[in-house]
Amino acid sequence: MRIVMLGAGYVGLVSGACFAEFGVDVTCVDPDKGKIDRLHQGMIPIYEPGLDDLVKKNVEAKRLNFKTGLDQCETGADAVFIAVGTPTRRGDGHADLSYVYQAAKDIAGYLKEDHFTVIVTKSTVPIGTGREVERIIRAENPKADFAVASNPEFLREGAAIGDFMRPDRVVFGTSDERGAQVMRALYRPLYLIETPIVQTTLESSELIKYASNAFLAVKITFINEIADLCEKVGADVQEVARGIGLDGRIGKKFLHAGPGYGGSCFPKDTLALVKTAQDKGAPVRIVETVVDINDKRKQAMAGRVIEAASGSVKGKTVAVLGVSFKPNTDDMRDSVALDVIPALQKAGAKIKAFDPVAMEEAGKLLSDVTWAQGTYEALDGADVAVILTEWNEFRALDFKRVKKLMKSPVLVDLRNIYKPQEVLNQGFAYSSIGR
Ligand code: NAD
């Protein structure tokens, strides 16, 4: 089988490499020439564990190649996937679909009347987008033989390859049987490992993605609010989360209290769902509330650091450990660091920060930060330290060394990676979430 993947970002590159690993002939197309040049030189433009080896192996096997335009691709693909960005549109919170619609126009020029192709939206797109993609292509190329399908992606950055290769389920939506056959053939290796395949209508498939992300955002926000209550009543949120999570109806995952969710998906997808639901006259008030709570929570986190620094960070140095929105990625989109660091700077703090992979990305978004080359360099001379991302290398700090390096031993652990007593025993002032 032969497919084209439009977009060589986190989703397009991972999906393209994984389909190639399944034995499919894949061309990833991205107009970002810098990205494609780097890929041609064997460099991976994003940080994702295992992706470099997978790309290299499939490029060498000649199953994976890269182009800057659809016009350079051989015609006759069985499927063209749209995996372009759908960021929040400026001003109103809706998903910005301009990249998707541009991709649809590009596809219209590529399709032929003598070969059936299924056009698949892998990007997270609002309900109705698949139909609009179909309309655009039909209008531009009435003779093209094609159908549209929705195939939302559920991979998690940092674990993306495993998630793609061994997903909890595959969802695709189409009302066209030829399109469904192509989708089933592409995901055949997953049928063999008994992955549930959920075939739905276009609209259901599009909504499943938003409803999944919104549900997870609700779950995180729920435990975050319970954490705040724990602090007031002397309970421990980790004990509470374990106690409720063992109930099979609730489940253990996504019950880690923290500074509020960030990342490339939850903030924009919850907002887009809220807007769609409002427009359709069926508001999802629980998600509206979650969006509001989460925004305020992220903004409030700097206050916890200030409080730990005896009420003021003016003229003090704050060591920030981790800036990516979660470990094992360099993705900075809507990372809590983008709320906390500027707020601390505004309160007069000097920031010294370290992240194992995200400093280059972060450097484009944050100013006046001194970037350290390692954890201990960041802590050297700091008045207070804050853990913003739970990278493994922050989980086993040498506290004796840290105590010697820091001006005062104050640790704010916004990811609850330490047990309070073990840090207190080392002579630190320690604060965390919900404990
Ligand atoms: P990204 O910004 O990393 O990548 C998008 C890429 O598309 C960019 O490289 C851009 O240059 C390219 N592009 C733009 N217009 C194009 C066109 N006309 N033709 C070809 N390429 C084009 O975005 P991402 O994180 O990969 O997300 C892509 C989509 O997948 C979004 O809708 C997102 O919500 C969804 N998604 C993301 C994740 C994730 O973890 N990042 C998970 C599931 C779903």
Side-chain angles (χ1 to χ4, degrees), residues 3-18 26-39 44-49 51 66-73 80-89 94-110 119-126 129-130 133 136-137 150-164 167-168 170-171 205-206 208-210 212-214 216-217 261-273 324-335 361:
I3 67 168
V4 175
M5 186 67 64
L6 295 181
Y10 286 88
V11 166
L13 192 54
V14 170
S15 309
C18 290
V26 181
T27 304
C28 286
V29 172
D30 201 300
D32 183 337
K33 192 174 171 303
K35 220 175 235 185
I36 297 298
D37 284 348
R38 265 177 285 163
L39 284 162
I44 305 296
I46 54 169
Y47 178 83
E48 181 60 45
L51 188 59
F66 307 101
K67 305 277 187 214
T68 51
L70 249 181
D71 51 352
Q72 299 155 30
C73 297
V80 178
F81 282 79
I82 300 176
V84 304
T86 49
T88 300
R89 190 162 72 191
H94 272 292
D96 176 355
L97 293 173
S98 55
Y99 302 103
V100 173
Y101 293 153
Q102 182 56 50
K105 285 185 191 146
D106 297 347
I107 293 168
Y110 167 83
I119 312 306
V120 191
T121 47
K122 199 163 239 329
S123 298
T124 301
V125 291
T129 306
V133 165
I136 293 170
I137 300 175
S150 153
N151 172 219
E153 184 48 59
F154 299 98
L155 62 75
R156 294 163 302 165
E157 286 174 23
I161 293 169
D163 285 350
F164 193 95
D168 290 340
V170 168
V171 174
S205 174
E206 289 170 341
I208 284 168
K209 175 65 192 176
Y210 280 104
S212 299
N213 276 359
L216 295 173
Y261 61 77
S264 60
C265 293
F266 288 179
K268 82 173 173 63
D269 293 347
T270 44
L271 208 53
L273 178 64
S324 57
F325 88 90
K326 67 172 176 180
N328 295 322
T329 183
D330 59 351
D331 202 335
M332 284 296 299
R333 286 177 281 187
D334 277 311
S335 170
E361 276 309 301

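When a ligand or atom number is given, it counts from 1 through the structure's own listing order. Small disclaimer: the values here were computed from a predicted structure and weren't measured.
At the shortest separation from atom 19 (N) of ligand 1 among protein heavy atoms lies Pro31 CD, 3.9 Å. Remark: minimum distance from atom 39 (C) of ligand 1 to any protein heavy atom is reached at Glu157 OE2, 3.4 Å. Looking only at protein heavy atoms, the nearest one to atom 4 (O) of ligand 1 is Gly9 CA, 3.3 Å. Counting protein heavy atoms only, atom 2 (O) of ligand 1 is closest to Arg333 NH1, 3.6 Å. For atom 33 (C) of ligand 1, the closest heavy atom belonging to the protein is Lys268 NZ, 3.8 Å. Taking atom 5 (C) of ligand 1 as the reference point, the nearest protein heavy-atom neighbour is Gly85 N, 3.6 Å. Remark: minimum distance from atom 17 (C) of ligand 1 to any protein heavy atom is reached at Val84 CG1, 3.8 Å.
Backbone and side-chain nitrogen or oxygen atoms of Val11 are examined, and one is located within less than 3.5 angstrom of a nitrogen or oxygen of ligand 1. Backbone and side-chain nitrogen or oxygen atoms of Asp331 are examined, and none is located within less than 3.5 angstrom of a nitrogen or oxygen of ligand 1. Below 3.5 Å of separation, one finds no N or O of Lys122 facing any N or O of ligand 1.
Rounded to the nearest 0.5 Å, atoms CG (Leu51) and CD1 (Ile44) are 5.0 Å apart. Rounded to the nearest 0.5 angstrom, Asp269 CG and Thr124 OG1 are separated by 5.0 Å. Here Asp71 contributes atom CG and Tyr110 contributes atom OH; the two are 11.0 Å apart, rounded to the nearest 0.5 Å. Atoms CG and OG1, on Asn151 and Thr121 in that order, are 8.0 Å from each other to the nearest 0.5 Å. We find the CD1-CD1 distance between Ile136 and Ile107 to be 9.5 Å, quoted to the nearest 0.5 Å. A distance of 10.0 Å separates OG in Ser324 from OH in Tyr47, rounded to the nearest 0.5 Å.
When Thr124, Asp30, Leu97 are checked for heavy-atom proximity to atom 10 (C) of ligand 1, Asp30 turns out nearest. Taking all heavy atoms of Tyr99, Phe154, Phe266 into account, the minimum distance to atom 14 (C) of ligand 1 is reached by Tyr99.
Those atoms of ligand 1 with a heavy atom of Lys35 less than 4.0 angstrom away are 8 (C), 9 (O). Proximity to Leu6 (heavy-atom distance under 4.0 Å) selects the following atoms of ligand 1: 20 (C), 21 (N). When each atom of ligand 1 is checked for a heavy atom of Lys209 under 4.0 Å away, the hits are 43 (C). Taking every non-hydrogen atom of Thr86 and a distance limit under 4.0 Å, the qualifying atoms of ligand 1 come out as 31 (C), 32 (O), 34 (O). If you number the atoms of ligand 1 from 1 as listed, the ones under 4.0 Å from a heavy atom of Val29 come out as 20 (C), 21 (N). Interface atoms of ligand 1 facing Glu153, defined by a heavy-atom separation under 4.0 Å, are 43 (C), 44 (C). Ligand-side atoms of ligand 1 in range of Asp106: 18 (N), range being under 4.0 angstrom from any heavy atom. Near Tyr10, the atoms of ligand 1 lying under 4.0 angstrom from a non-hydrogen atom of the residue are 3 (O), 25 (O), 26 (O), 41 (N).
Partner of Thr129 under the side-chain contact (heavy atoms from CB on, under 4.5 Å) criterion, out of Val100, Ile82, Thr86: Val100 alone.
At a heavy-atom distance under 4.0 Å, atoms from both the backbone and the side chain of Ser123 approach ligand 1. At a heavy-atom distance under 4.0 Å, only backbone atoms of Ala83 (N, CA, C or O) approach ligand 1.
Side-chain atoms of Glu157 never come within 3.5 Å of backbone atoms of Tyr10 as a donor-acceptor pair (strictly under, hydrogens ignored). Using a distance-only test at 3.5 Å, with no hydrogens or angles considered, no donor-acceptor pair links the side chain of Ser15 to the main chain of Gly12. Between the side chain of Glu153 and the backbone N or O of Val11 there is no donor-acceptor pair closer than 3.5 Å.
Contact annotation: Arg156 has no heavy atom less than 4.0 Å from any atom of ligand 1.
For CZ of Phe154, the number of neighbouring non-hydrogen atoms (other residues, nucleotides, ligands) closer than 6.0 Å is greater than 12.
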Margin query: Show, in sequence, the C-alpha distance, side-chain angles and deciding distance for Lys326 and Arg156, and conclude whether the side chain to side chain contact (heavy atoms under 4.5 Å, CB included) test is met.
Written below: CA-CA 10 Å; Lys326 67 172 176 180; Arg156 294 163 302 165; 3.6 Å; yes
Notebook entry, point to check: Can you list the steps and then say if Leu216 with Tyr261 is a side chain to side chain contact (heavy atoms under 4.5 Å, CB included)?
Noted result: CA-CA 10 Å; Leu216 295 173; Tyr261 61 77; over 6 Å; no
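Pro167 pairs by the side chain to side chain contact (heavy atoms under 4.5 Å, CB included) definition with Val170, Leu190, Thr195, not counting sequence neighbours.
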